Participant: 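What follows is a structure written as structure tokens; I'll ask about it next.
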Amino acid sequence: GGAYWGSHSEGFLTLMFSGGWIFWLGCMFVLNLVPTIALRVAENTPRLAVPALALDGAIAGLCLAPLVFVGMHLSGQDVGGGGNLVSTAIVVTGAMFAAITAYVHINKTEFKTSGAMMWGLFGFAVVAVPVNMFLQSSLFSIIIAGVVGMLGVYQLAASTSLIVTDRNFNSPAAGALMLFAGVFNLFQAILSLLIAGGRD
């Protein structure tokens with residue numbers, strides 16, 4: 001809902017595109033801070049878990065709106081047309097999500113989350129995104145999207161593994177929040193790669 005509204009709002013898009021790299025860096029911190037807060041809310045107050053999930057999704061969608069808008073624009077469609085690149089990214093993300101989930105469910109594989117790896121990937125993105133705003137390098141954009149995609153796959157595998165293998169895990173909303181982070185990063189990376197390919 002957030003991505004749909006944001007990609008259809010001229011005022012919001014103007015604000016996002018004119019914000020500069022500091023604004024985008026702020027968005028990255030918000031994108032990673034809000035899910036942490038929402039997860040704590042879901043764990044401490046289960047009845048507020050669904051509103052926390054909805055708020056997290058809306059904020060993430062708003063931050064994703066400019067990328068969705070660019071994807072539709074490069075597809076040669078207006079913002080009401082759906083967007084071929086956006087639709088393709090949704091299908092590919094869904095297929096990858098299904099494949100990861102099926103693999104973990106069938107094999108009962110345990111993926112342990114590594115704090116060092118997560119912080120390393122996040123740190124790379126925090127530095128690389130503003131640097132690439134100055135460089136405007138298509139190759140570097142593809143590398144950044146690839147790293148974010150790996151982060152998404154890793155988050156999905158680790159979250160699904162926790163839900164499937166931990167018998168003490170009994171929080172659907174918390175599980176949804178963890179899975180959402182992986183799906184969001186994966187979709188963002190796939191759409192970025194499709195946009196880079198479309199420009200080339």
Side-chain angles (χ1 to χ4, degrees), residues 1-39 41-42 48-98 125-126 128-130 132-134 136 138 141-142 144-149 151-152 155-156 173 176-200:
Y4 180 84
W5 179 84
S7 62
H8 285 69
S9 170
E10 185 177 340
F12 179 78
L13 289 169
T14 301
L15 173 68
M16 291 291 280
F17 284 122
S18 64
W21 68 270
I22 295 177
F23 185 79
W24 285 98
L25 200 58
C27 282
M28 287 190 65
F29 278 107
V30 168
L31 279 172
N32 286 275
L33 180 64
V34 172
T36 303
I37 295 172
L39 192 55
V41 169
L48 295 178
V50 173
L53 177 60
L55 178 64
D56 180 34
I59 292 173
L62 287 172
C63 290
L64 190 65
L67 190 63
V68 171
F69 174 79
V70 170
M72 290 188 292
H73 178 72
L74 288 178
S75 297
Q77 300 182 14
D78 59 15
V79 291
N84 188 42
L85 292 177
V86 177
S87 302
T88 303
I90 290 171
V91 171
V92 173
T93 302
M96 291 184 71
F97 175 73
V126 166
V129 170
N132 198 43
M133 287 184 175
F134 293 106
Q136 296 294 316
S138 298
S141 296
I142 291 171
I144 293 170
V147 169
V148 172
L151 178 62
Q155 288 172 318
L156 275 177
L177 280 164
M178 291 188 298
L179 291 171
F180 176 77
V183 170
F184 175 84
N185 285 325
L186 188 57
F187 173 76
Q188 181 182 5
I190 291 168
L191 183 54
S192 296
L193 289 170
L194 289 173
I195 287 172
R199 284 174 174 160
D200 292 341

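Predicted, not measured: the structure shown is a model, and the values here were computed from it.
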Participant: Mind listing the closest non-hydrogen atom pair of G2 and A65 along with its distance?
Facilitator: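 Smallest heavy-atom distance, with atoms named: O-CB, 4.4 Å.
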Participant: Could you give the distance from CG (N84) to CG (L194), rounded to the nearest 0.5 Å?
Facilitator: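 Reported value, rounded in 0.5 Å steps: 9.0 Å.
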Participant: As an exercise, state the distance from CZ of F97 to CG of L156, rounded to the nearest 0.5 Å.
Facilitator: 6.0 Å
Participant: State, to 0.1 Å, how close Q155 and N185 come at their nearest heavy-atom pair, and which atoms those are.
Facilitator: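 Looks like OE1-ND2, 2.6 Å.
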Participant: Under 4.5 Å between any side-chain heavy atoms of I190 and M96, yes or no?
Facilitator: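 Result yes, sub-4.5 Å side-chain heavy-atom pair found.
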Participant: Measure across G57 and F180 and return the closest heavy-atom pair with its distance rounded to 0.1 Å.
Facilitator: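 Taking G57 first and F180 second, the nearest heavy atoms are CA-CZ, 3.7 Å.
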Participant: What pair of heavy atoms forms the shortest contact from F184 to A60, and how long is it?
Facilitator: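 In this case the closest contact between F184 and A60 is CE1-O, 3.3 Å.
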Participant: Ignoring hydrogens, what is the shortest heavy-atom contact between P66 and L13? Give both atom names and the distance.
Facilitator: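 Smallest interatomic distance, heavy atoms only, reads CA-CD2, 3.9 Å.
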Participant: Donor-acceptor pair, S7 side chain versus A3 backbone, under 3.5 Å?
Facilitator: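 At least one qualifying donor-acceptor pair exists.
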Participant: So, the side chain of H8 versus the backbone of Y4: is there a donor-acceptor pair under 3.5 Å, distance only?
Facilitator: yes
Participant: Would you mind reporting whether V92 and F187 have side-chain heavy atoms less than 4.5 Å apart?
Facilitator: no
Participant: Quick check against the 3.5 Å criterion: does D56 have a side-chain atom that pairs as donor or acceptor with the backbone of A52?
Facilitator: no
Participant: Do M72 and L85 have side chains that get closer than 4.5 Å, going by heavy atoms?
Facilitator: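 M72 vs L85: side chains apart.
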Participant: Roughly how far apart are L48 CG and L53 CG, rounded to 0.5 Å?
Facilitator: 12.5 Å
Participant: Less than 4.5 Å apart, any side-chain heavy atom of L64 and any of F69?
Facilitator: no
